[in-house]
Amino acid sequence: MKGALFDLDGVIADTAVYHFQAWRKLARDHFDRELPDELEEKTKGVSRADSLKVILDYLGVSVPQKEFDALAAEKNEAYRGLLAGLTSADILPGIPELIGQMKRHGIKLSLASASMNGPFILEKLGLSYTFDAIADPSKVAAGKPAPDIFLEAASEIGEKPEDCVGLEDSVAGITAINTAGAFSVGVGSPNELGHARLLVPNTGALKYDDIEKAWERR
Ligand code: B16
Ligand code: MG
């Protein structure tokens, strides 16, 4: 195990809830509609534009490109507003310990988030200098579930995906890790993340030794 490819929202920090709050506000303000909980999973790990397509599809609305871009920008404004108070206290349980142990074992850390706000969030969490690389989602051709962002994250730390673990909380993200050829570790429920090679219910249950054992048995 030479590299760890980390998803951000839902794995390092609980920002996934803020994403959906911002989408809900957009749907209310512009279309006077409520979004159901099921849409949250469908937008997890999915790029901003693809998430907006999912939401407009659900609402049965189609808008010209200019309005589409304006809606995406407005959601991002609202999301950034919700992130304003983010600090290292918002790092999810178990993550500081896991990151510390990985670093002690010489494992390189790379961020594989679909979020354009990744560097901003890592800075707010005080983790910018902890990561060896951040894959730039604007540089990859296809978003999760395509493997591109995980391939890019592995390449940024000079490792082969087969020598890396990938950590994810989304259906699309686990598929992306598996297709990239890395070892997938899921955080969530078997109803959604049954395709993860190792699955834990929450980040508090992410233990270095368990990951290492599962890795050796892979
Ligand atoms: P942004 P991850 C993903 O982050 C989120 O899960 C997803 O809900 C969001 O739409 C996407 O980032 C894009 O984020 O609008 O900040 O560029 O889970 O891949 O870390
Ligand atoms: Mg995520």
Side-chain angles (χ1 to χ4, degrees), residues 4-27 35 37-58 68-84 86 90-92 95 109-125 127 131 133-140 142-153 156 165-177 179-180 182 184-189 192-193 195-196 199-200 202-203 206:
L5 317 174
F6 275 84
D7 176 47
L8 173 58
D9 295 312
V11 171
I12 296 177
D14 202 6
T15 39
V17 291
Y18 297 139
H19 274 295
F20 202 58
Q21 271 179 38
W23 286 126
R24 279 206 152 122
K25 181 171 175 348
L26 194 80
L35 299 179
D37 294 345
E38 311 88 79
L39 275 192
E40 184 168 357
E41 189 54 56
K42 294 201 175 130
T43 55
K44 260 193 206 169
V46 175
S47 76
R48 196 180 310 162
D50 287 344
S51 297
L52 181 53
K53 280 184 203 145
V54 167
I55 286 160
L56 292 178
D57 245 24
Y58 167 79
F68 184 95
D69 294 344
L71 287 169
E74 188 176 322
K75 180 268 173 176
N76 194 48
E77 283 282 296
Y79 176 59
R80 296 272 292 216
L82 292 168
L83 295 180
L86 210 66
D90 295 293
I91 299 174
L92 282 165
I95 294 297
L109 307 184
S110 191
L111 195 75
S113 170
S115 176
M116 306 286 212
N117 294 297
F120 169 74
I121 296 173
L122 281 192
E123 198 183 327
K124 294 220 112 204
L125 299 174
L127 289 175
F131 275 76
I134 299 178
D136 180 353
S138 69
K139 262 176 60 183
V140 304
K144 301 169 189 178
D148 306 29
I149 192 80
F150 286 96
L151 297 174
E152 176 65 17
E156 287 279 331
V165 288
L167 299 100
E168 259 289 350
D169 70 320
S170 73
V171 175
I174 294 291
T175 304
I177 295 170
T179 312
S184 56
V185 178
V187 178
S189 134
E192 283 133 11
L193 306 186
H195 53 324
L199 183 64
V200 296
N202 51 57
T203 59
L206 272 176

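The structure displayed is predicted, hence computed values, not measured ones. Remember, it's 1-based here, ligands and their atoms both numbered in the order they're listed.
If you number the atoms of ligand 1 from 1 as listed, the ones under 4.0 Å from a heavy atom of Leu8 come out as 20 (O). For ligand 1, the atoms sitting less than 4.0 Å from at least one non-hydrogen atom of Lys144 are 2 (P), 19 (O), numbered in the order shown with element in parentheses. The distance from ligand 1 to the heavy atoms of Met116 drops below 4.0 Å at these ligand atoms: 1 (P), 16 (O), 17 (O). Shown in contact with Asp7 at under 4.0 Å from a heavy atom are these atoms of ligand 1, numbered in order with element: 2 (P), 18 (O), 19 (O), 20 (O). Below 4.0 Å from some heavy atom of Ser51 lie the following atoms of ligand 1, by number and element: 10 (O). Near Ser113, meaning under 4.0 Å from any of its heavy atoms, are these atoms of ligand 1: 2 (P), 4 (O), 19 (O), 20 (O). Atoms of ligand 1 lying under 4.0 Å from any heavy atom of Asn117, numbered from 1 in the order shown and given with element: 1 (P), 16 (O).
Considering backbone and side-chain N/O of Trp23, none are found under 3.5 Å from N/O of ligand 1. By the 3.5 Å distance cut-off applied to N or O atoms, Arg48 is counted among the residues near ligand 1. For a threshold of 3.5 Å applied to N or O pairs, the pair formed by Glu168 and ligand 1 contains no separation below that value.
Residue contacts to the Mg ion (ligand 2): Glu168 brings no N, O or S atom closer than 2.8 Å.
Looking at Thr43 against ligand 1, only its backbone comes within 4.0 Å, counting heavy atoms. Residue His19 touches ligand 1 through its side chain alone, judged by heavy-atom distances below 4.0 Å. Residue-level proximity to ligand 1 for Val46 is carried by the backbone, the only part with a heavy atom below 4.0 angstrom.
One finds no salt bridge joining Asp69 and Arg48 here, because no Lys/Arg side-chain nitrogen approaches an Asp/Glu carboxylate oxygen to under 4.0 Å.
Atom OH of Tyr18 sits in a sparse spot, with 12 or fewer heavy atoms from other residues, nucleotides or ligands closer than 6.0 Å. The number of heavy-atom neighbours closer than 6.0 Å to CD of Gln21, taken from other residues, nucleotides and ligands shown, is above 12.
Residues Thr15 and Leu86 have side chains in contact (heavy-atom distance under 4.5 Å, counting atoms from C-beta outward).
Contact detail for Val171 and Leu193: the closest heavy-atom pair is N-CD2, 3.6 Å.
Among all non-hydrogen protein atoms, the one lying nearest atom 5 (C) of ligand 1 is Asp9 OD2, 3.2 Å.
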Going through the checks in order, is the side chain to side chain contact (heavy atoms under 4.5 Å, CB included) test met by Met116 and Ser138?
CA-CA 7 Å; Met116 306 286 212; Ser138 69; 3.9 Å; yes
Intermediate values then yes/no, salt bridge (Lys or Arg N to Asp or Glu O under 4.0 Å), Lys144 and Asp7:
CA-CA 11 Å; Lys144 301 169 189 178; Asp7 176 47; 3.0 Å; yes
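Residue contacts with ligand 1 include Gly45, since one or more of its heavy atoms lies under 4.0 Å from the ligand.
Using modelled atom types and a 3.5 Å distance limit, the side chains of Asp9 and Asn117 yield no donor-acceptor pair. In the model, His195 has no side-chain atom that pairs as donor or acceptor with a side-chain atom of Ser184 under 3.5 Å. No donor-acceptor contact under 3.5 angstrom links the side chains of His19 and Lys44, judged on distance only.
Minimum-distance N/O/S atom of Asp7 relative to the Mg ion (ligand 2): OD2. Nearest N/O/S atom of Asp9 relative to the Mg ion (ligand 2): this is O. Shortest distance from the Mg ion (ligand 2) to Asp169 is reached at OD1 (N/O/S atoms only).
At least one donor-acceptor pair closer than 3.5 Å links the side chain of Asp148 to the backbone N or O of Ala142. Side-chain atoms of Ser51 come within 3.5 Å of backbone N or O of Val46 as a donor-acceptor pair.
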